[in-house]
Amino acid sequence: MKEFIINGASVKAYPLTAAQRLHNYTIKYAPHQVLCIGTGFYVQQDVDFNLLKEAIYETYRKFDSMRLRFIKDEDDTVYQYIVPFEEREIGFKDFSSWKEEDAHNEMKKWTAVPFERYNSPMNQVVMIKLPDGFNGIYLKVDHMTMDSSSIIGFDSYVLELYCAKKYGTPMPKTDPMPYLKAVEKDLEYEANSPARQKDKEFWMGEIAKDEPMYTDFTGMGRLLTARRETGNSDLRSCMVVSKDPSADISVFELEKEPSERLMQFCLDNHIPMASLLLMGLRTVLSKFNNDEKDVSVKSCVARRGTLLEKRSGGTRIHFFPMRTIIEPETTFMEALNIIQGEQNKIFRHANYDPIEYTIERGKYWKLTPGASYESISLTYQPLTVRQKESNLPDISYKSQWYSNGVAAQPLYLTVMHRTTDGGLNFNFEYRSDVVTQSEMEYLYYYLCRVLFRGIEDKDRTVGEILEMI
């Protein structure tokens with residue numbers, strides 16, 4: 001902890017957590033807008049915008065991570081602090097006379113504008129009136145202050161408060177918990193605690209195993225080119241950073257009924273949806289790379305297991321490689337159990353600093369800076385506002401995720417449940433220099449092929465599924 005004089009007052013500031021350092025590391029090599037997350041949450045009814053503004057202000061006061069600021073000291077070390085309260089301008093934009101596509105494109109432009117990084121608000125809230133009868137809020141946040149769980153928590157609280165004021169429904173049952181308490185817990189862990197020492201021992205052991213194999217979501221071409229250019233025919237890693245970070249998002253909607261089939265399979269077989277999705281992805285990567293058995297996918301860990309972690313806001317996501325070596329005679333169900341076992345290992349040791357892990361792995365295998373073994377990252381987000389708030393009126397909802405125009409990694413898949421019907425949305429954020437829209441469609445098509453060939457007969461072998469698709 002360190003004290004700073006800000007606007008004439010002494011303020012206690014805290015070091016960044018490992019999750020924040022991951023994002024801070026990213027902006028050293030990418031435009032700052034890469035950390036901007038733009039989302040929209042809309043309801044299909046007329047909205048009393050005065051009441052909505054009241055609900056937003058109250059929620060802003062409750063969520064102290066929304067009042068998070070950053071500051072640098074004389075050594076360029078970044079710290080964070082909370083401002084106790086501030087009057088915020090809550091904007092309003094009437095898009096009702098626009099084409100809906102044009103309205104969403106305008107909000108994409110907003111999302112591409114980075115925040116001032118120091119001693120400045122790290123979010124923007126605008127009340128929105130859309131042309132199709134949907135109204136609600138656009139929210140832009142800096143990823144160092146919020147992740148998807150925090151955004152859903154904020155939107156949920158605003159909606160509950162608004163409905164309580166408008167319809168007399170119950171007030172929110174629970175309030176957010178203090179953000180800095182969660183920060184203190186993380187910093188206690190990082191202070192060479194026994195838990196951290198145990199986690200480091202685990203990850204160093206993982207690094208020391210046989211070298212992984214890079215598998216690209218477009219096939220063998222990129223790795224073969226790297227081998228030819230380096231003259232190393234045994235090269236197993238590939239460059240994943242780029243001079244051109246331009247990116248976009250493609251969203252594919254899986255219908256409600258097949259989405260429910262996937263979820264029912266998970267319930268019947270006691271398999272988390274994230275593990276099923278990882279199985280699908282690693283099998284597609286295997287197919288695209290000459291049936292390679294050694295496949296790694298970067299897996300997102302939300303790190304929200306305790307009540308404090310769930311309700312304190314902020315950003316808590318860590319990414320670690322989920323590596324599996326699966327023989328073709330392994331059944332679909334056996335492979336799922338292997339993946340779940342690997343996932344459980346990651347979860348047990350997920351508090352470790354992912355940047356430190358990446359640096360140590362690079363040193364051990366003498367990786368070229370910017371090279372990796374993973375071409376794709378996966379996040380599964382099970383929460384939706386509709387699932388959380390059963391006391392709300394029966395109103396149609398929809399949500400939107402706006403591209404900020406750049407990306408630090410080649411491909412990032414986020415799978416979420418739609419607020420309208422609970423079906424699954426597959427959101428592919430991809431760098432334009434490494435993948436095209438048609439290649440995204442191709443990848444999504446094969447991912448679905450694997451998932452449904454597997455769940456219709458869980459005793460099918462991986463080899464049989466690879467032949468079928």
Side-chain angles (χ1 to χ4, degrees), residues 1-38 53-54 56-91 110-126 137-147 149-151 153-154 157-158 175-191 308-309 311-317 353 355 404:
M1 192 184 303
K2 190 169 185 176
E3 290 196 3
F4 291 85
I5 302 299
I6 302 173
N7 296 327
S10 178
V11 175
K12 291 181 179 180
Y14 291 74
L16 300 183
T17 64
Q20 291 172 313
R21 292 197 298 273
L22 178 63
H23 299 309
N24 199 50
Y25 179 83
T26 300
I27 59 175
K28 292 181 179 180
Y29 305 98
H32 287 199
Q33 72 196 67
V34 73
L35 296 186
C36 291
I37 304 174
K53 182 180 284 191
E54 288 180 16
I56 293 169
Y57 273 132
E58 289 184 33
T59 306
Y60 199 85
R61 287 194 289 269
K62 294 279 188 180
F63 279 76
D64 55 359
S65 62
M66 291 289 285
R67 293 178 270 111
L68 189 60
R69 302 284 189 276
F70 298 106
I71 188 170
K72 284 202 299 186
D73 68 6
E74 60 278 2
D75 298 321
D76 278 347
T77 303
V78 181
Y79 290 81
Q80 59 185 313
Y81 64 96
I82 299 287
V83 296
F85 177 72
E86 63 178 349
E87 291 292 342
R88 292 297 310 281
E89 178 185 352
I90 306 299
W110 297 352
T111 306
V113 179
F115 293 102
E116 176 62 41
R117 291 228 61 80
Y118 302 109
N119 298 310
S120 177
M122 304 305 287
N123 53 66
Q124 176 188 9
V125 186
V126 183
I137 59 175
Y138 163 87
L139 174 63
K140 181 175 76 170
V141 302
D142 187 279
H143 209 346
M144 281 178 65
T145 67
M146 294 183 79
D147 55 25
S149 296
S150 301
I151 292 169
F154 181 86
Y157 208 93
V158 169
D175 283 337
M177 297 185 76
Y179 166 74
L180 291 179
K181 282 190 176 180
V183 171
E184 289 171 350
K185 288 285 187 182
D186 282 349
L187 296 178
E188 286 174 12
Y189 164 87
E190 291 183 29
L308 174 62
E309 291 167 353
R311 291 166 50 190
S312 57
T315 186
R316 300 195 57 78
I317 293 173
D353 185 345
I355 290 295
N404 58 33

dist Asn24:CG -> Gln80:CD (nearest 0.5 Å) comes out at 10.5 Å
- Side chain Arg316, main chain Ala19, donor-acceptor under 3.5 Å: no
In this structure, CD of Gln33 is separated from CD1 of Ile27 (nearest 0.5 Å) by 12.0 Å
Closest non-hydrogen atoms of Thr111 and Gly38, given as atom of the first, atom of the second and distance, are CG2-N, 3.5 Å
### Task
Tell me, with the steps shown, if Val141 and Phe115 meet side chain to side chain contact (heavy atoms under 4.5 Å, CB included).
CA-CA 9 Å; Val141 302; Phe115 293 102; 5.5 Å; no
Between Glu309 and Ser312, the two heavy atoms sitting closest are O-OG, 3.7 Å
Output for pair (Leu180 CG, Lys185 NZ), nearest 0.5 Å, gives 14.0 Å
Exercise answer: donor-acceptor pairs, residues 8-18 side-chain atoms, under 3.5 Å, sequence neighbours excluded:
unit_1, atom_1, unit_2, atom_2, d
Ser10, OG, Glu3, OE1, 2.9
Tyr14, OH, Glu184, OE2, 2.9
Thr17, OG1, Gln20, N, 3.4
Thr17, OG1, Gln20, OE1, 3.4

> Mind checking whether Asp64 and Pro178 have side chains closer than 4.5 Å, heavy atoms only?
Replying inline: yes
Q. Around atom CG of Asp175, are there more than 12 heavy atoms of other residues, nucleotides or ligands at under 6.0 Å?
A. yes
Closest non-hydrogen atoms of Arg69 and Asn119, given as atom of the first, atom of the second and distance, are CD-C, 4.0 Å
| message | Between Ser150 (side chain only) and Gly314 (backbone N and O only), is there a donor and an acceptor less than 3.5 Å apart? | response | yes
Closest non-hydrogen contact found for Phe154 with Met146 is CB-CE, 4.1 Å
To the nearest 0.5 Å, atom NE2 of His32 lies from atom CG of Asp142 at 9.5 Å
- Is there a donor-acceptor pair under 3.5 Å between the side chain of Tyr57 and the backbone N or O of Arg88? yes
_Looking at Val83, is its backbone amide N or carbonyl O close enough to the side chain of Arg67 to form a donor-acceptor pair, meaning the two atoms are under 3.5 Å apart?_
yes
Looking at Asn123 and Met66, would you say the former's side chain and the latter's main chain have a donor-acceptor pair under 3.5 Å? yes
*Are a donor atom and an acceptor atom from the side chains of Tyr189 and Asp353 found within less than 3.5 Å of each other?*
no
Per side-chain contact (heavy atoms from CB on, under 4.5 Å), Lys140 is matched among Val125, Ile37, Val113 by Val113
Give a yes or no on whether the backbone of Val34 and the side-chain of Asn404 come within a donor-acceptor separation of less than 3.5 Å. yes
ask   = Under the side chain to side chain contact (heavy atoms under 4.5 Å, CB included) criterion, do Glu58 and Tyr157 qualify, and how do the steps go?
value = CA-CA 9 Å; Glu58 289 184 33; Tyr157 208 93; 6.0 Å; no
In this structure, NE2 of His23 is separated from CG of Asp147 (nearest 0.5 Å) by 7.5 Å
message = Treating Tyr81 as the side-chain partner and Ile71 as the backbone partner, does any N or O pair qualify as donor plus acceptor under 3.5 Å?
response = no
Working for side chain to side chain contact (heavy atoms under 4.5 Å, CB included), residues Leu68 and Ile82: CA-CA 5 Å; Leu68 189 60; Ile82 299 287; 3.7 Å; yes
Note to self: Walk me through whether Gln124 and Glu89 qualify under side chain to side chain contact (heavy atoms under 4.5 Å, CB included).
What the structure shows: CA-CA 9 Å; Gln124 176 188 9; Glu89 178 185 352; over 6 Å; no
When rounded to the nearest 0.5 Å, the distance separating CZ of Phe63 from CZ of Arg311 is 9.5 Å
